[in-house]
Trainee: 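The structure that follows is given in the form of structure tokens.
Numbering starts at 1 and runs along the sequence shown.
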Amino acid sequence: MSKAIGMVEYKTVSAGITAADAMVKTSEVSIIEAQTVCPGKYIAIITGDLSAVKAAVDNARELHGFHLIDSFVLGNPHESIFPAIYGAAKIEDVSALGILETYDAASIIVAADEAAKTAIVDLIELRIARGMCGKSYMLLTGEVAAVEAAIERAKEAIKDRGMFLDSSVIAHPDAQIRDAIL
């Protein structure tokens, strides 16, 4: 069985907490993060075997679909997702800087997973709707061509969700910018 992560994002705290409870009662999954995010939304991220995560997310979607903003299930997520979520990524240098911003929380993790699997890049940070009125962003680094390819693939992965907001790639950012983000 393969390792997976899944997430649900709700418009209300009540629906989110109830859905998170339903997810852990549905199958053998562990909560990575479950909390209120701006502007009063609720997210729950779980991990476990792929079939268990899928069953838990499907159940939450079915039971509480009215308040659901977005959700996903990712099988075999890229290992750099977790340190980036917690702001614990160890980055030595920033050759090129890729930035991608979304309107929601769930799509940024999907975009980051696709970006990390597309090219040799390092995820620096995933800011998941905290202090941003519900928007989210990711920062990544690598060689210019790799960062460009990763950002393009990430945009493609989330375009049908309608949650893509903006992106840019900065070749060789100034030292002051590098110091500000590391």
Side-chain angles (χ1 to χ4, degrees), residues 2-10 32-33 35 37-39 41 43-47 50 53-54 57 68-182:
S2 49
K3 197 70 165 170
I5 63 172
M7 178 179 176
V8 291
E9 178 179 7
Y10 284 92
I32 295 174
E33 188 169 322
Q35 67 179 331
V37 295
C38 294
K41 300 186 305 182
I43 63 169
I45 305 171
I46 59 171
T47 188
L50 182 58
V53 170
K54 182 170 179 0
V57 169
L68 183 72
I69 295 171
D70 201 359
S71 67
F72 69 80
V73 173
L74 292 175
N76 297 316
H78 195 274
E79 66 274 359
S80 64
I81 292 284
F82 300 103
I85 287 173
Y86 297 115
K90 302 278 190 231
I91 307 298
E92 298 297 320
D93 189 30
V94 177
S95 179
L97 177 64
I99 308 135
L100 187 131
E101 191 172 350
T102 64
Y103 286 110
D104 72 334
S107 62
I108 200 65
I109 298 174
V110 171
D113 186 59
E114 289 289 334
K117 290 176 178 176
T118 296
I120 299 173
V121 295
D122 294 312
L123 294 174
I124 299 170
E125 180 182 5
L126 291 178
R127 176 71 56 95
I128 304 173
R130 287 183 214 104
M132 296 189 48
C133 295
K135 297 188 308 182
S136 298
Y137 71 84
M138 72 172 170
L139 301 174
L140 57 85
T141 188
E143 297 301 319
V144 176
V147 169
E148 287 173 342
I151 291 292
E152 284 306 310
R153 178 64 196 120
K155 286 168 42 177
E156 184 69 26
I158 62 171
K159 75 175 185 180
D160 291 340
R161 293 172 179 245
M163 293 295 170
F164 171 74
L165 178 59
D166 196 13
S167 68
S168 61
V169 174
I170 303 170
H172 311 292
D174 187 270
Q176 292 182 73
I177 296 298
R178 286 193 312 262
D179 293 346
I181 62 171
L182 292 181

Trainee: Which value, rounded to the nearest 0.5 Å, describes the distance between T118 atom OG1 and E148 atom CD?
Mentor: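 So the OG1 of T118 and the CD of E148 are separated by 13.5 Å.
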Trainee: To the nearest 0.5 Å, tell me how far I108 CD1 sits from Y103 OH.
Mentor: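 Reported to 0.5 Å precision, the distance equals 13.0 Å.
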Trainee: Are the side chain of K41 and the backbone of G134 linked by a donor-acceptor contact shorter than 3.5 Å?
Mentor: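 Between the backbone of G134 and the side chain of K41 there is a qualifying donor-acceptor contact (under 3.5 Å).
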Trainee: Evaluate L100 against L140 for side-chain contact (heavy atoms from CB on, under 4.5 Å), listing each step before the verdict.
Mentor: CA-CA 9 Å; L100 187 131; L140 57 85; over 6 Å; no
Trainee: As an exercise, state the distance from CG of L123 to CE of M138, rounded to the nearest 0.5 Å.
Mentor: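 Taking CG in L123 and CE in M138, the distance rounds to 7.0 Å.
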Trainee: With side chains defined as the heavy atoms from C-beta onward, is the minimum distance between I151 and V121 less than 4.5 Å?
Mentor: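 They are not in side-chain contact.
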Trainee: More than 12 heavy atoms of other residues, nucleotides or ligands under 6.0 Å from CD1 of I181: yes or no?
Mentor: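 Count over threshold, so yes.
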Trainee: Which residue, D70, I45, L68, forms the side-chain contact (heavy atoms from CB on, under 4.5 Å) with V8?
Mentor: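 Between V8 and the candidates, side-chain contact (heavy atoms from CB on, under 4.5 Å) is satisfied uniquely by L68.
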Trainee: Output yes when a side-chain donor or acceptor of E125 lies under 3.5 Å from a complementary backbone atom of L139, and no otherwise.
Mentor: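 Pair absent, no side-chain N/O of E125 close to backbone of L139.
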Trainee: Mark yes or no for whether R178, through its side chain, and P173, through its backbone, hold a donor-acceptor pair below 3.5 Å.
Mentor: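 Yes, the answer is positive, given that a donor and an acceptor are paired below the 3.5 Å cut-off.
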Trainee: Using a strict threshold of under 4.0 Å (side-chain N to carboxylate O), is an ion pair present between K159 and E156?
Mentor: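 So E156 pairs with K159 through a salt bridge.
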Trainee: So do L165 and Y137 actually touch side chain to side chain, heavy atoms under 4.5 Å?
Mentor: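 Counting from C-beta outward, Y137 and L165 never come under 4.5 Å.
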Trainee: Looking only at heavy atoms, what is the nearest atom pair of S71 and A106, with distance?
Mentor: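 In this case the closest contact between S71 and A106 is N-CB, 4.2 Å.
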Trainee: Which heavy atom of K54 sits nearest a heavy atom of V73, and at what distance?
Mentor: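 For K54 versus V73, the nearest heavy atoms are CA-CG2, 4.0 Å.
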Trainee: So that I can tick it off, tell me whether K117 and D113 are bridged by a salt bridge, with the cut-off set at under 4.0 angstrom between side-chain N and carboxylate O.
Mentor: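 Salt bridge between D113 and K117, a charged N being under 4.0 Å from a carboxylate O: yes.
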Trainee: Is E101 close to S167 at the side-chain level, that is, under 4.5 Å between some pair of heavy atoms?
Mentor: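 Contact flag for S167/E101 side chains = no.
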Trainee: Rounded to the nearest 0.5 Å, what's the gap from CE on M163 to OG1 on T102? Could you check?
Mentor: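 OG1 of T102 is found 8.5 Å from CE of M163.
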Trainee: Does the side-chain contact (heavy atoms from CB on, under 4.5 Å) test come out yes or no for I120 and E143, once each step is laid out?
Mentor: CA-CA 8 Å; I120 299 173; E143 297 301 319; over 6 Å; no
Trainee: Treating S107 as the side-chain partner and I158 as the backbone partner, does any N or O pair qualify as donor plus acceptor under 3.5 Å?
Mentor: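 It does not hold such a pair.
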Trainee: So, for C38 and C133, which heavy atoms are closest and what is the spacing to 0.1 Å?
Mentor: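 That would be CB-N, 3.6 Å.
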Trainee: I'd like to know if the side chain of T47 and the backbone of A4 have a donor-acceptor N/O pair within less than 3.5 Å.
Mentor: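 Yes, because the side chain of T47 sits within donor-acceptor range (under 3.5 Å) of the backbone of A4.
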Trainee: Taking S95's backbone N and O only, do any of them form a donor-acceptor pair with T141's side chain (distance below 3.5 Å, no angle check)?
Mentor: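 Checking the backbone N and O of S95 against the side chain of T141, a donor-acceptor pair under 3.5 Å is found.
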Trainee: What distance do I32 atom CD1 and I5 atom CD1 have between them, rounded to the nearest 0.5 Å?
Mentor: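 The CD1 atom of I32 sits 5.5 Å away from the CD1 atom of I5.
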Trainee: Taking atom CD of E9 and atom CD1 of I109, what is their separation to the nearest 0.5 Å?
Mentor: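 Taking CD in E9 and CD1 in I109, the distance rounds to 9.0 Å.
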Trainee: Measure across S136 and A129 and return the closest heavy-atom pair with its distance rounded to 0.1 Å.
Mentor: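 That would be OG-N, 3.0 Å.
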